[in-house]
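Structure first, then comments.
Note that the structure is a prediction, hence the values are computed from the model and not measured. Just so it is clear, the values below take in all heavy atoms, side chains as well, and ignore hydrogens, waters and symmetry mates.
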Amino acid sequence: MIRGVRRILLGLAVVELALVLVLPAPSNPDKPGITGGIRTAAAQLRGEGPPVDLVQDYYGARALGRGGDPYPVLTRTYASVGLDWRASHRSTHPPTAFLLLLPVAWMPWKVAAAVWGALMLVAIGIAWWALGARPELAAALTPLTILWPPGAWSLGQLTPLWLLGIALAWRFRDRPDGAGTSIAVASLTKFLPALALVPFLVLRRWRVLGGFALVWAIALVELAVFRPSAFGRYLSVATSVGDEQAGRGENSALLPAFAHHLGPAGLVAAAALVAAVVGSSIARLRSRGRLDEWTACAWAWASVALLPIAWIYSLLPLVPALWLSLRRGGIVSRALALVAIAIPLFVDPFGLPGGIRLALATAAVGAALITSRVSLEALRRESTQRSGRS
């Protein structure tokens, strides 16, 4: 019986992926529409090399090894791989992100993009396994994940590695050195995933810093060998370009989007939500003395909620919090999680209204965590009472 279920799930995974691969690419990459993510992902996996943000990391990785500016205007970056894509700004990714592309940077762009997309599918699958799914179920969930627009757009991004790092940190929660290594890999994409260290530090599991420091030491040595000036160049670019990008109407980062669209009251509400989730998690850690799934998800959420710049793919690392809310939350938290899942399905990421809508999705996940915490506490009290009666 169990073998039969496993075969069905693996067969389902193959069928799902095959159906994805036959989807046509968007006819106009400038305006891909709300289904553009999965269609772009399909084109990428087929080796068509569509315009995705991965180009900037691919170019940066090649620049580390061969010389040249790793942060040119992106129009020039896209042109270097034969793509006509107008983008007058520069990359805001740290140079450590470029290191992650070194294994594929020697390949032609279309091949590199396809290989990277396949690797990101594997990363998503391993993340599901790390979150507790059996391997065959993880395989079946992976193609379904990229039907969700944040997952689809992430195949041309680094966010699957972010998701993988925080998921493995939960899997290795009883091995702080392994958890620290996983968090460090996630933080190479953006620095904020390093917030996942906080629960370990509150619990005084200092060994987490060893694994984290080891990965970062290797990364910094590699940068020193390839391009010592890379970090200085990044800081210069990030200061000027970061403010410009953060002020765009499409920016879906929680705090900037709420401030931009809802004014001071919106900023206060978003900040209060972040404070509530973070404060609750610290109080929970101190009272329980151990790291539980809710707290791990809370800090994964905080790392996304505190991004200064975010786009549709930035929601992918919220998968653990969504998964927890759907499995163990009450009616309200499940409803909020479903709202957060549904919003990206109706958003054109290249359209201005998307910024506040996607920010609302992030807020909905935070609210789902708060309400699920209440449900989890009620279940724990009920379980304790039953144990006492027995």
Would you check if Ile38 and Ile146 make a side-chain contact, meaning some heavy-atom pair closer than 4.5 Å?
-> yes
Over all heavy atoms of both residues, which pair between Pro320 and Cys297 is shortest? Give the atoms and the distance, please.
-> O-SG, 3.4 Å
Are side-chain heavy atoms of Pro29 and Trp85 found at a separation under 4.5 Å?
-> yes
Do Trp301 and Val274 come within less than 4.5 Å of each other through their side chains, counting heavy atoms only?
-> yes
Linking I/L/V/M/F/W/Y whenever any side-chain heavy atoms sit under 4.5 Å apart, do Met107 and Leu121 land together?
-> yes
Heavy-atom closest contact (Arg205 atom, Arg173 atom, distance) = NH1-O, 3.0 Å
Just wondering, more than 12 heavy atoms not from Asp84 lying within 6.0 Å of its CG?
-> no
Centroid separation Trp323 to Trp128 less than 6.0 Å | yes
When hydrophobic residues are tied together by side-chain contacts of less than 4.5 Å, even through go-betweens, does Val332 share a cluster with Leu369?
-> no
Please tell me if the side chains of Leu155 and Tyr313 come closer than 4.5 Å, counting only heavy atoms from C-beta onward.
-> no
Closest non-hydrogen contact found for Asp292 with Trp170 is C-CZ3, 3.4 Å
Identified ring pair (Phe, Tyr, Trp, His ring centres under 6.0 Å) partner of Phe98 from the options Phe231, Tyr71, Phe226 | Tyr71
Following the transitive rule for hydrophobic clusters with a side-chain heavy-atom cut-off under 4.5 Å over Ile, Leu, Val, Met, Phe, Trp and Tyr, establish whether Leu318 and Phe346 coincide in one cluster.
-> yes
Looking at Phe172, does the NZ or CZ of Arg175 lie under 6.0 angstrom from its six-membered ring centre and within 45 degrees of the ring axis?
-> yes
Over all atoms of both residues, closest heavy-atom pair of Ala368 and Ser333 | O-CB, 3.3 Å
Assess whether atom CZ of Arg327 is packed by more than 12 heavy atoms of other residues, nucleotides or ligands within 6.0 Å.
-> yes
Is it true that Ile356 and Leu336 fall in one hydrophobic cluster, defined by side-chain heavy atoms closer than 4.5 Å?
-> no
Salt-bridge test for Glu222 and Arg227: reply yes if a basic N is under 4.0 Å from a carboxylate O, no otherwise.
-> no
How about Tyr59 and Arg76: do any of their side-chain heavy atoms sit closer than 4.5 Å?
-> yes
Decide whether Val52 and Val73 are clustered together by the hydrophobic rule: side chain heavy atoms of Ile, Leu, Val, Met, Phe, Trp, Tyr closer than 4.5 Å, transitively.
-> no
Closest heavy-atom pair, Ala194 versus Ile183, reported as atoms and distance to 0.1 Å, is CA-CG2, 3.9 Å
Within 6.0 angstrom of Trp206 CH2, more than 12 heavy atoms from elsewhere = yes
If only atom types and distance count, is the side chain of Trp116 paired as donor or acceptor with the main-chain N or O of Gln157 below 3.5 Å?
-> yes
Would Arg171 count as a cation-pi partner of Trp129, with NZ or CZ less than 6.0 Å from the six-membered ring centre and within 45° of the ring normal?
-> yes
Note, Leu209 side chain near Leu201 side chain (heavy atom, < 4.5 Å) | yes
Give a yes or no on this: more than 12 heavy atoms of other residues, nucleotides or ligands lie within 6.0 Å of atom CZ of Arg204.
-> no
Grab the two heavy atoms, one from Val304 and one from Pro317, that are nearest each other, plus how far apart they are.
-> CG2-CB, 3.8 Å
